[in-house]
Each structure stands twice: as structure tokens, then as C-alpha cells.
Amino acid sequence: MSFLIGPMQKHLNGQKELTAHNEILHVAPQERVYIPLAMGNAKIDVLVKENDLVKVGTQIAARNDHFYVPIFASVSGRVVGIEKRMGQALRPVDHLVIESDGKMTKEEGLSTLSLDADSEAIIAFMKEKGLVGCGGAGFPTYVKYQTDKCETLIINAVECEPFITADAREIELHKEDFKRGVMAMLKASKAKKCMVGIKETKKEMIPQLVELFKDQDLISVCPVKDVYPMGWERTLLYALIGKRYDKLPIEVGCIVSNATTAIMLGQAMESGMPITEKMVTVSGDAIKEPHNVLCPVGTPFSALIATCGGFSKDKVELIAGGPMMGSAVTKDEVCVGLATNAVTVLEYKEIKELNCLRCGQCVDHCPSGLEPVNINNAFKANDIDRLEKLRPMDCIECGMCTYICPSKIEVTEGIRRAKRAMALRMKK
Ligand code: SF4
Ligand code: SF4
């Protein structure tokens, strides 16, 4: 089975100008950081105990199921213990609490890597540094590269969600790291070519990237349409090479990596430091001073919001991620994780749902080629056979069906519920 791809003709007003050019702020050092010890449902082994002293870059834990992923301290200080806090997936998860000594002392003797390294050494380095996808998915990067079937490496610099500019700012600030990371990924993938996908509306950035890679024959900069969700790897891959796949891009000879992930790799190769700091876009219509902010992993959202002047409206909706694909969180105690790229603050507005008009717009605009309205109806009717045929599990939760619905129906939320019900059913 291959995913269908909808028309994808919708250009969204991104409001990226709110943070695209203004100053990048540093979040004031916090007394404590809370490193999320959660990667899906994987078991995490904690390697430190109460009162242990750690530095920035000390390994403190590891995911140890079928994927090994080390987790590192983001500040220097003392381990306080483990605390349950609300995670971005809207469930309480363990967080390792570190009390900062305010010095940000870095771990010494961290291994680096030169571009002369071969494919296996680069993949091993990705694993050692705990590199995960920074585009929101958080999947271990090295796992994708353990293949001999890659012909095309795609670097995703599209960043299609409204408000978010963190990737663009990272590229703007760290071009040499980006180039090093992309070259290393290309080598690791053993692909014949690399395509850097970027929105055609990025008029300033495109020539800069063309210049950056002009001495690299195998790497090309490829502008794509500014439509949503072009940043989804299926749509980007289809736009660039015209192929569709079922589960993974490697089925059609591709690996897709996010631009910031490439930058993080490029930086780790130079400094040896894993991801301990994140650039996060704090934006929306209910934050006083939208900015991109830099903060240690494990910083509570409340500190990011305070750095940006606080809320500008009395009632707000807080979203981990962008307004289309992010998840609404009820508490600002949620902390920045390795894959966090945005906190969106919107004015809370009571929405009155009207009856479905059967207009079919949600069907016309679904990038996965689904029938959102029919999935919702089948779920409400508990018609499991019909639900199975309608493939709710293929939904990428892009939010387009809710966005487009003239009756203001929370269609995406209905699909999420249907997915959860189907997942539970599959477990039985
Ligand atoms: S959220 Fe809606 S539009 Fe997006 S993939 Fe899922 S069903 Fe389709
Ligand atoms: S877009 Fe909204 S009103 Fe139109 S068919 Fe879908 S759910 Fe119904």
C-alpha cells in the first residue's frame, strides 16, 4: 500500500515575520533543569544517582531497548533526583532533575570527528552523541543511516508550520556547521546525491545556500512550493523525486533528515558536544514579545514565556510545537526536550462547532488522501470495520482538516481519538 497524497495547494499565512529577523534571546539560567526521560514507550536506564555531580555533556541516562540512545546533562551541577512532570505527549513522565551550579562547566575530552571519517564511523558517532531528529519527531538519526539502499539524501529545510522559524535561524547562524553536517550525512548515507529542500519563498536564503554548496557537486539546493504540509517528509520527497512510499523513505531509496539535525551533527563533529541546548521559537498572537530563544534542554516552558515578556492575553492556549501539528499542553511546567522547536501561544477562543456541511473540503485537502469526515463519523458510530478501511493510522495529524473546516469542527482531534482506539485494538 502506498500513501495517497492530496492536492496540497494550501498556502498558509505563516506569520514568520514575528521572529524571522529579531534578536535571538538567551533564557536566563534556571536553578533547576528537568531532563525528560521519555522516548515513546521505551525503557530508559538512569546512570546517575542523587547528589552526583555532572557537567554539560555528561551522560546521565540511556534508552536501552532495540535502539540505544544516550541522554546527556544540559547544565553543570548536582543531580537532585527523578520527578514526574507533564510531558509534551500529555502524560506524566519521569524527568531527571539537575540543580545548576550556574557555571555551565563542560565535560572534557569529548570525542570529535573529521570529515575524513568513513560511513560506519559517522553513523557510530551519531549514535554515540545521541543525535535525534530535531524536526519534531525525535527519532534516533543513526538508525535511518544503517542501510546500503540509499540513493538520495534529502535535507528538509522547509519548516512549513506557521510561526516557526527556529530551523531558518539555525541555518542563518551556523552555515559552516550546516555544510559539515550535510556532507557527513551524505557520506554516512552512501547516497549518490543530496537534495536540500527549501521553500521557494525563501528568497534571501536560497542564493546563500547555493553559494555554500557550490563546491559540492553531489549537493543541490532545491526550492519547493510554499504550501502546507510541504515539510512532511512524504510530501517533500514526492515534490523532489516524484515517488511515494508505504512506511519509510528508504523503500524508494531515500533518507530524509531535518536541517537542524544536520547542524547539530556538524557542531558535534567540531566540539564533541551532544545536543544540550535548543533554539525554540516562542511565538503566536498571545505572547508579548515573540522571539527565538536559546535554552538548555530541560528548561520549563514557563522560563521561555517569561523571557518573551509573558502572555499578552488573559486566556491563552499553549502549544508544544506549531499550531497545526503541535500538541496543546495545559501546563507551562512542560520542559524543552531534544526535539522541541517551538512553543506557540494563541489567544483562547471559544469555538462553536456547527453541523457538518458535507462540503468535502477536509477530504480535498488531506495530504494523506484520507476522508477525515468519514473517519470521524465511523468512530462516533463505533463502526470498527469501516474505520479500518478508512485508514486512520495513516493520518499524520497535520491539522489541515480542522483548519479548513467551515463548520469549525475539531476534525483532527476526532481522528486522533480514532487512532488511539485503533492502536488499543491492535494491542489486544
Ligand atoms: S490531520 Fe486531517 S488533513 Fe491531516 S493527515 Fe490527518 S486526516 Fe488528513
Ligand atoms: S470540512 Fe468540515 S464541514 Fe466540510 S465535510 Fe469536512 S467535517 Fe464536514
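Each ligand, and each atom within it, is numbered from 1 in the order the structure gives.
Taking every non-hydrogen atom of Cys366 and a distance limit under 4.0 Å, the qualifying atoms of ligand 1 come out as 3 (S), 5 (S), 7 (S), 8 (Fe). Near Ser368, meaning under 4.0 Å from any of its heavy atoms, are these atoms of ligand 1: 5 (S). In summary, the atoms of ligand 2 found under 4.0 Å from a heavy atom of Cys359, numbered by their order in the structure, are 1 (S), 3 (S), 4 (Fe), 5 (S). Residue Leu357 has at least one heavy-atom neighbour below 4.0 Å for each of these atoms of ligand 2: 3 (S), 8 (Fe). For ligand 2, the atoms closer than 4.0 angstrom to any heavy atom of Ser407 are 3 (S). The ligand atoms of ligand 1 that sit less than 4.0 angstrom from a heavy atom of Gly399 are 1 (S), 4 (Fe).
Of the charged side-chain nitrogens involved, at least one lies within less than 4.0 Å of a carboxylate oxygen, so that Arg420 and Glu413 count as a salt-bridged pair. The residues Arg169 and Asp167 are annotated as not salt-bridged, no charged nitrogen and carboxylate oxygen being separated by less than 4.0 angstrom. For Glu200 and Lys225, the salt-bridge test fails: no basic side-chain N is under 4.0 Å from an acidic carboxylate O. Salt-bridge annotation for Asp148 and Lys190: present, with a side-chain N of the basic residue lying under 4.0 Å from a carboxylate O of the acidic one. Of the charged side-chain nitrogens involved, none lies within less than 4.0 Å of a carboxylate oxygen, so that Asp383 and Lys389 do not count as a salt-bridged pair.
Looking at Glu397 against ligand 1, only its backbone comes within 4.0 Å, counting heavy atoms.
Within the coordination shell of atom 4 (Fe) of ligand 1, defined by N, O or S atoms under 2.8 Å, Cys398 is present.
Looking from atom 2 (Fe) of ligand 2 to the surrounding protein, the closest heavy atom is Cys405 SG, 2.4 Å. Looking at atom 8 (Fe) of ligand 2, its nearest protein heavy atom turns out to be Cys356 SG, 2.4 Å. Among all protein heavy atoms, the one lying closest to atom 6 (Fe) of ligand 2 is Cys362 SG, 2.4 Å. Here the protein heavy atom with the shortest distance to atom 3 (S) of ligand 1 is Cys401 N, 3.5 Å. Protein heavy atom in closest approach to atom 5 (S) of ligand 2: Gly360 N, 3.3 Å. The closest protein non-hydrogen atom to atom 7 (S) of ligand 1 is Pro372 CG, 3.6 Å.
When all heavy atoms of Cys398 and Tyr228 are compared, the closest pair comes out as O-OH, 2.5 Å.
In the model, Thr412 has a side-chain atom that pairs as donor or acceptor with a side-chain atom of Thr402 under 3.5 Å. Side-chain atoms of Thr165 and Thr19 include a donor-acceptor pair closer than 3.5 Å. Looking at Asp226 and Thr201, their side chains do bring a donor and an acceptor atom within 3.5 Å of each other.
Atom CG of residue Asn258 and atom CE of residue Met185 lie 8.0 Å apart, to the nearest 0.5 angstrom.
Contact annotation: Thr412 has at least one heavy atom less than 4.0 Å from an atom of ligand 1.
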